[in-house]
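Structure first, commentary second.
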Amino acid sequence: MAGRRLFRALIMGAPGSGKGTISERIVSDFGLKHLSSGDLLRSQILQKTDVGLQAQKYIDEGALVPDETMVALISAELKKLAEHSWLLDGFPRTRHQAEALHKVQPLDTVISLNVPFQVIIDRIKDRWVHLPSGRIYNTLFNPPKNPFTDDVTGERLVQRADDAPDAVRKRLEVYQASAGPVIEFYRELGVLEEFSGSETNKIWPHVRRMLQQRIQ
Ligand code: ATP
Ligand code: MG
């Protein structure tokens with residue numbers, strides 16, 4: 001990719017706002033590397049690493065994993081991606097995390113998805129995931145080719161424990177409290193791009209158009 005400027009972006013949005021689905025489309029259309037903090041944590045849990053064991057209790061109850069843990073985990077991953085353009089998803093989640101990232105790598109664009117909370121609560125119950133890869137499906141609007149089966153590996157899809165209604169409500173509250181200061185931080189830096197709507201398939205063309213203008 002010699003001669004090409006690296007592009008560093010973040011996608012933000014409440015749990016179930018379509019971040020993962022839009023991220024997959026960005027990755028496939030624009031060739032960015034996708035780094036999802038939630039997927040990374042879930043893979044640490046599957047592998048039973050120290051970080052995974054520490055993080056599990058926070059995740060299961062829908063609370064945030066401590067900033068120090070997250071900054072260390074993501075910094076290590078970003079080092080491996082130094083030569084690539086990338087899209088972060090799920091990190092930074094707090095103002096502290098945003099400031100820590102800004103010191104090592106300022107962002108070019110921050111995509112913020114605004115989806116009404118009631119829409120999210122209604123559709124998260126139809127979400128199924130392939131845990132090892134983080135691929136997500138929604139039985140209503142983004143179904144797998146075969147029921148409850150991952151398109152790529154043919155393995156079973158599962159529902160996340162933290163997608164249970166009580167944990168979802170908690171995660172939405174946590175998002176509301178912590179995202180505002182992060183959004184303000186990026187608005188002040190002049191890199192914030194906001195998209196509102198109730199349907200991922202309708203939001204996506206706007207996101208794609210914006211990125212087409214930014215990524216050469
Ligand atoms: P969705 O996957 O629907 O977008 P989400 O954004 O809540 O929902 P993930 O990003 O997958 O879910 O994160 C799942 C959980 O992992 C969070 O509820 C939180 O406990 C933990 N987590 C992920 N990223 C961070 C972060 N940057 N800081 C603190 N905790 C985090
Ligand atoms: Mg996610």
Side-chain angles (χ1 to χ4, degrees), residues 10-27 34-46 49 51-78 87-102 104-105 107 110-117 119-138 141-142 157-179 181-183 185-186 195 200 203:
L10 161 67
I11 186 163
M12 297 184 63
S17 61
K19 274 176 311 192
T21 303
I22 288 188
S23 296
E24 283 175 14
R25 295 179 188 180
I26 293 174
V27 167
H34 181 216
L35 187 58
S36 155
S37 57
D39 290 348
L40 198 58
L41 287 167
R42 284 185 285 277
S43 102
Q44 299 279 321
I45 290 173
L46 283 177
T49 64
V51 170
L53 294 173
Q54 281 172 36
Q56 178 143 38
K57 60 178 188 298
Y58 298 100
I59 294 175
D60 283 350
E61 62 186 38
L64 289 182
V65 175
D67 283 339
E68 291 65 33
T69 310
M70 293 310 302
V71 170
L73 186 66
I74 299 288
S75 305
E77 289 300 311
L78 289 181
L87 174 68
L88 278 175
D89 163 3
F91 177 95
R93 262 273 218 307
T94 64
R95 176 101 185 192
H96 180 94
Q97 293 176 12
E99 288 172 2
L101 175 66
H102 189 67
V104 295
Q105 177 60 63
L107 298 173
V110 174
I111 298 164
S112 173
L113 306 178
N114 295 316
V115 177
F117 279 9
V119 171
I120 290 175
I121 291 167
D122 285 345
R123 76 185 183 198
I124 226 163
K125 58 184 190 308
D126 300 308
R127 173 157 77 175
W128 290 76
V129 296
H130 178 245
L131 274 185
S133 68
R135 271 185 292 280
I136 38 200
Y137 301 87
N138 185 289
F141 70 92
N142 187 29
L157 302 177
V158 299
Q159 290 200 287
R160 280 166 44 178
D162 63 348
D163 279 350
D166 280 353
V168 170
R169 267 189 290 277
K170 172 79 186 295
R171 284 157 63 204
L172 289 172
E173 280 167 23
V174 168
Y175 184 78
Q176 206 158 29
S178 58
V182 178
I183 287 171
F185 180 73
Y186 291 119
F195 300 89
T200 304
I203 293 177

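Just so it is clear, the model here is predicted, and its values are computed rather than measured. Read the numbers this way: they start at 1 and go in the same order the structure lists the ligands and their atoms.
- Of all the listed residues (Gln97, Arg127, Arg93, Glu61), Arg93 holds the heavy atom that lies closest to atom 9 (P) of ligand 1.
- Short contacts between ligand 1 and Arg160, defined as distances under 4.0 Å to a heavy atom of the residue, involve ligand atoms 2 (O), 8 (O), 11 (O), 12 (O), 14 (C).
- Counting only distance, with no hydrogens or angles, the side chain of Gln97 and the backbone of Val71 share no donor-acceptor pair below 3.5 Å.
- Taking every heavy atom of Ser37 and a limit of under 4.0 angstrom, the matching atoms of ligand 1 come to 23 (C), 24 (N), 25 (C).
- Of the options Arg42, Met12, Arg171, the smallest heavy-atom separation from atom 14 (C) of ligand 1 is shown by Arg42.
- Scanning all heavy atoms of the two residues, the minimum distance from Arg135 to Glu24 falls at CA-OE2, 3.4 Å.
- Among the atoms of Gly90, some N or O lies under 3.5 angstrom from an N or O of ligand 1.
- Using a 4.5 Å heavy-atom cutoff, the side chains of Leu78 and Leu88 are in contact.
- Atom numbering of ligand 1 starts at 1 in the shown order; those under 4.0 Å from a heavy atom of Ala63 are 19 (C), 20 (O).
- Of all atoms in ligand 1, listed by their number and element, those nearer than 4.0 Å to a heavy atom of Gly16 are 1 (P), 3 (O), 4 (O).
- Residue Leu41 touches ligand 1 through its side chain alone, judged by heavy-atom distances below 4.0 Å.
- A salt bridge is absent between Arg95 and Asp67; no separation between the charged side-chain nitrogens and carboxylate oxygens falls under 4.0 Å.
- The existence of a salt bridge linking Arg169 and Glu173 is excluded, since no basic side-chain nitrogen approaches an acidic carboxylate oxygen closer than 4.0 Å.
- At least one N or O atom of Val65, backbone or side chain, sits closer than 3.5 Å to an N or O atom of ligand 1.
- Heavy-atom proximity to Met70, at under 4.0 Å, picks out these atoms of ligand 1: 24 (N), 25 (C), 26 (C), 27 (N), 28 (N), 29 (C).
- Arg25 places no side-chain N or O within 3.5 Å of a backbone atom of Ile22 that could act as its donor or acceptor partner.
- With sequence neighbours excluded, the residues forming a side-chain contact (heavy atoms from CB on, under 4.5 Å) with Val115 are Ser17, Val119, Ile120, Arg123, Ile203, listed by chain and number.
- Using a 4.0 Å cut-off to heavy atoms of Phe91, the atoms of ligand 1 that qualify are 27 (N).
- Here the side chain of Lys19 pairs no donor or acceptor atom with the backbone of Gly16 at under 3.5 angstrom.
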